Amino acid sequence: MPVTSDTLVDYPSGATSSRGIVLATVALAAGLGVVLDRTAFHPVDAGWPDQPADRGTLAGHPVIDAVVGATEGGEIVVGRDIPVRTGTEGWSFVVVHVLAADAGVTPGDEVEVTVDEGYRRGLSAGHTACHLASLALDAALAEAWTKPIGGDALGHPDFESNACESSRIHEYGSVDVYRVGKSLRRKGFDVTALDDLDALAARANARLADWVASGAGIRIDRDGDGLADRRRWVCELPGGDAVIPCGGTHLTSLGELASVTVGFERADVDGGVALTMRTTAS
Ligand SMILES: [Zn+2]
């Protein structure tokens, strides 16, 4: 049976279990790839692999990995073999659950998906903290810009979008790496703002403490239920909603956290400075 529509995904609403029909299986180097009509399983995205795949089971079989796949109706390709951007017309984007090669799952089966709730919760806390920390960093660096530049979700100069090189979420935290080189300096960023990293962390942490204390609500707005439909993280902060495009999972309120803190390290790299922000949520 050809797969002709996106997997319907339940994880944006926080679901950790679902029932679905097996639409297709595909033999992968890592095992047996299983595509369902719908799933609660969050897959890792090959293009921007910030949030890792969920852990859990499908029809009682351990899920070794969950990755984004794509198809034009024939062969299903996964990960870096996908030749088009997510959402490209004519393609369907699917969650590929990877099971052991000998798992007895076949098209037409109705199966139960169960996600490890503790691990999901840790990743959701880490992802929420990651977004909040990026907004606090932009605010703490607002004075470092000597020319006008586009604003972030709260209107501060958008250091995050202009400098972020990689973002990795783990349980109750994240690691973001920024690169400040010639192009950022040309856009008006004064790199001496990174000379006193303790002061930078103190400014960001003060703001993060205020935000966490607000207990602001968080929701995921979505254009549809398909994997490729656009979704947005909305945090209802006291000064107004912060909206960030995001395909991951999140807490439903900052009231679920006791604290979010950041620390910084810098390294001199070819042509500039690499800034690492480690974020911890509790
Ligand atoms: Zn995100």
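Since we're looking at a predicted model, the values are computed, not measured. Throughout, numbering of the chain's residues begins at 1 and tracks the sequence. Each ligand, and each atom within it, is numbered from 1 in the order the structure gives. Side chains included, hydrogens not; waters and symmetry mates left out as well; all remaining heavy atoms used.
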Item to check | Under the salt bridge (charged side-chain N to carboxylate O under 4.0 Å, His left out) test, residues paired with E117 that sit two or more places apart | outcome: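 Result, salt bridge (charged side-chain N to carboxylate O under 4.0 Å, His left out) vs E117: none returned.
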
Checklist entry - H250 vs W233 aromatic rings, parallel, tilted or perpendicular, using cut-offs 30° and 60°? => result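 Judged by the thresholds at 30° and 60°, the geometry between H250 and W233 is tilted.
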
Item to check | Mutual orientation of the aromatic rings belonging to F159 and W145 [parallel < 30°, tilted 30-60°, perpendicular > 60°] | outcome: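 Plane angle over 60°, so perpendicular.
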
Checklist entry - With sequence neighbours excluded, what pairs up with A216 under the side chain to side chain contact (heavy atoms under 4.5 Å, CB included) test? => result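 If we apply the side chain to side chain contact (heavy atoms under 4.5 Å, CB included) test to A216, skipping adjacent residues, the hits are S214, C235, L237, L254.
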
Checklist entry - What are the protein N, O or S atoms, given as residue plus atom name, that sit under 2.8 Å from the Zn ion (ligand 1)? => result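 Short answer, with waters excluded from the count: H127 NE2, H131 NE2, C246 SG.
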
Checklist entry - Does R230 pair with D223 as a salt bridge, N-O distance under 4.0 Å? => result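 Salt bridge flag = no for D223 with R230.
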
Item to check | ring-ring contact (aromatic ring centres under 6.0 Å, His included) partners for W91, two or more places apart | outcome: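 Scan of W91 (ring-ring contact (aromatic ring centres under 6.0 Å, His included), adjacent residues dropped) gives none.
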
